[in-house]
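Read through the structure below, which is laid out as structure tokens, and then see the notes.
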Amino acid sequence: MSQNRSPLVVSIIVHYRTPGKCIELVNELQRIEYSNHKLVIVDNQSDEESYRLLQSSLSENMALLVRNNANNGYGGGINFGVDRVRYLQPDFFHIINCDTHVLNVTYISSLVREFAQNPTIGLIGPGVVTGDDEIQNTIMPFVSVFNALMFRYHSNCLSVIDKSPQLYQADVINGVCFMVRASAFYQAGGFEEDFFMYGEEHDLCFRLKQEGYSSFFWSGKAIYHDNGHVQQKKVFTWRDSLIRCNQVLFLLKHKTKVEAYLLSLLFICSLIIKKASGTKFPDFNLKTVIWGMLYPKAINNKVQSR
């Protein structure tokens, strides 16, 4: 990190078929009050109309627009963007979803200051609100059978917004928005692309911890999240499949096969009960979803090929 400049923060947005939201977020990030900030948009193989709209709306001085070779998921898109800007030698990567809005133009400066206080901090996620100024919980535990069973009871209200923001240590920070130290991201190996969507932040935070870095939640209000993917009653979508099977995938990678397959069997029992009670499976039939719980890499590949 140069002593003659502020640390370089590179914001990375992965875009897929939502050009209007992406352009709006870019305009908001242009107003961020931080002196050394660059912006990269990674188009994850959207349709030609969406991509052309981005091209025509974004000037070079606003953001670098790059097109991924394939839609290899959220983490894969981030990795692609990181590789394209490595020559800039960034100090931090600021990862933010397309469906967000900036509420606090100084939060990046605040997070940089927090990183400067402790070199073992690898990742910080800011406060997020949604709906009627409702706080979105972005603090999560690492995956385990116990945490999967008890998630609704002990992991829904951990995030807070403080008038005087402070850091709270966490296992995992939700991927909607966070900053990660570039050197730590490289050291951990970036995102694991076996996770097409959902769960990739659990895997990254776990590997950061293995490398000696900690993850934190910063309790200042920073962004608004549209959070448009509302869970429908009696409907089990491909998103629901990935959320569950990627918990199994995490355990296969970082814990034991016994724990992984115990969790998959618990999920399978739950799926059978859901089916018997009238839940619809519009994207994949029950047999395919059960297969995905046993072979989570395969269901990620199936979603990618849709």
Side-chain angles (χ1 to χ4, degrees), residues 1-15 18-43 54 57-66 74 77-78 81-82 84-117 121-130 133 135-136 138 159 161-167 173-185 201 215-227:
M1 183 184 303
S2 172
Q3 298 183 5
N4 297 321
R5 62 168 174 84
S6 299
L8 173 59
V9 176
V10 175
S11 291
I12 301 180
I13 303 172
V14 174
H15 167 262
T18 56
K21 289 184 177 181
C22 187
I23 293 165
E24 188 173 0
L25 178 57
V26 169
N27 288 329
E28 293 174 6
L29 288 171
Q30 294 296 306
R31 298 192 288 272
I32 285 286
E33 294 180 5
Y34 185 74
S35 61
N36 198 12
H37 177 224
K38 295 185 182 298
L39 181 58
V40 178
I41 313 299
V42 178
D43 180 76
L54 284 181
S57 302
L58 299 175
S59 62
E60 289 186 7
N61 64 330
M62 292 174 66
L64 171 65
L65 174 62
V66 296
Y74 187 73
I78 297 297
V82 165
R84 291 297 297 268
V85 298
R86 191 182 287 258
Y87 72 96
L88 294 174
Q89 298 182 322
D91 298 291
F92 301 100
F93 295 113
H94 172 235
I95 312 301
I96 185 167
N97 278 13
C98 249
D99 58 345
T100 58
H101 299 279
V102 176
L103 299 177
N104 177 354
V105 295
T106 66
Y107 79 92
I108 285 182
S109 298
S110 297
L111 297 187
V112 169
R113 285 195 295 271
E114 296 289 358
F115 276 107
Q117 299 301 311
I121 295 177
L123 182 149
I124 305 176
V128 180
V129 297
T130 187
D133 208 33
I135 300 171
Q136 177 177 336
T138 56
S159 295
I161 301 295
D162 293 322
K163 289 184 178 179
S164 298
Q166 56 185 305
L167 292 183
I173 295 296
N174 186 288
V176 62
C177 179
F178 62 80
M179 277 180 58
V180 59
R181 196 182 297 273
S183 57
F185 187 84
E201 67 271 77
S215 298
F216 286 86
F217 170 77
W218 179 75
S219 61
K221 184 190 293 187
I223 69 166
Y224 175 88
H225 185 203
D226 286 341
N227 203 17

Between V112 and M179, the two heavy atoms sitting closest are CG2-CE, 3.9 Å

Look up atom NE2 in H94 and atom OH in Y107, then write down how far apart they are to the nearest 0.5 Å.
2.5 Å

To the nearest 0.5 Å, what is the distance between SG (C177) and CD1 (I108)?
7.5 Å

Within-4.5 Å side-chain heavy-atom neighbours: N174 and V128:
no

Quick check: do V9 and N36 have side-chain heavy atoms less than 4.5 Å from each other?
no

Side chain to side chain, K221 and V129, heavy atoms closer than 4.5 Å
yes

Point-to-point distance, once rounded to the nearest 0.5 Å, from CZ of F185 to CZ of F92:
14.5 Å

Measuring from N97:CG to K21:NZ, what's the distance to the nearest 0.5 Å?
10.0 Å

Here the pair of heavy atoms bringing P165 nearest to S219 is CA-OG, 3.4 Å

Considering the options L111, I95, I173, which one meets the side chain to side chain contact (heavy atoms under 4.5 Å, CB included) requirement together with L123?
I173

Would you call E33 and T106 a side-chain contact if the rule is heavy atoms closer than 4.5 Å?
yes

Can you find a pair of side-chain heavy atoms, one from L65 and one from H15, that are under 4.5 Å apart?
no

Flag the pair V42 / I78 as yes when at least one side-chain heavy-atom distance between them is below 4.5 Å, and no otherwise.
no

Locate the shortest heavy-atom distance separating I41 from A63; write the atom from each residue and the value.
CG1-CB, 4.0 Å

Do the non-hydrogen side-chain atoms of L64 and K38 ever get within less than 4.5 Å of each other?
no

Any chance CD of Q166 has more than 12 other-residue heavy atoms, nucleotides or ligands included, within less than 6.0 Å?
yes

Between G175 and Y74, the two heavy atoms sitting closest are O-OH, 3.6 Å

Is there a side chain to side chain contact (heavy atoms under 4.5 Å, CB included) between I121 and R181? Walk through the geometry before answering.
CA-CA 8 Å; I121 295 177; R181 196 182 297 273; 4.2 Å; yes

Which heavy atom of S11 sits nearest to which heavy atom of H37, and what is that distance?
OG-NE2, 2.6 Å

CH2 of W218 to CD1 of I124: how many Å apart, nearest 0.5 Å?
9.5 Å

Quick one: sort the Y224 and H101 rings into parallel, tilted or perpendicular, breaks at 30° and 60°.
tilted

When D99, T100, T130 are each screened for side-chain hydrogen bond (donor to acceptor under 3.5 Å, both in side chains) with H225, the one that passes is D99

Which heavy atom of G77 sits nearest a heavy atom of V14, and at what distance?
C-CG2, 3.8 Å

Output for pair (C22 SG, D43 CG), nearest 0.5 Å, gives 8.5 Å

Yes or no on side chain to side chain contact (heavy atoms under 4.5 Å, CB included) for I223 and Q136, after CA distance, side-chain angles and deciding distance?
CA-CA 10 Å; I223 69 166; Q136 177 177 336; over 6 Å; no

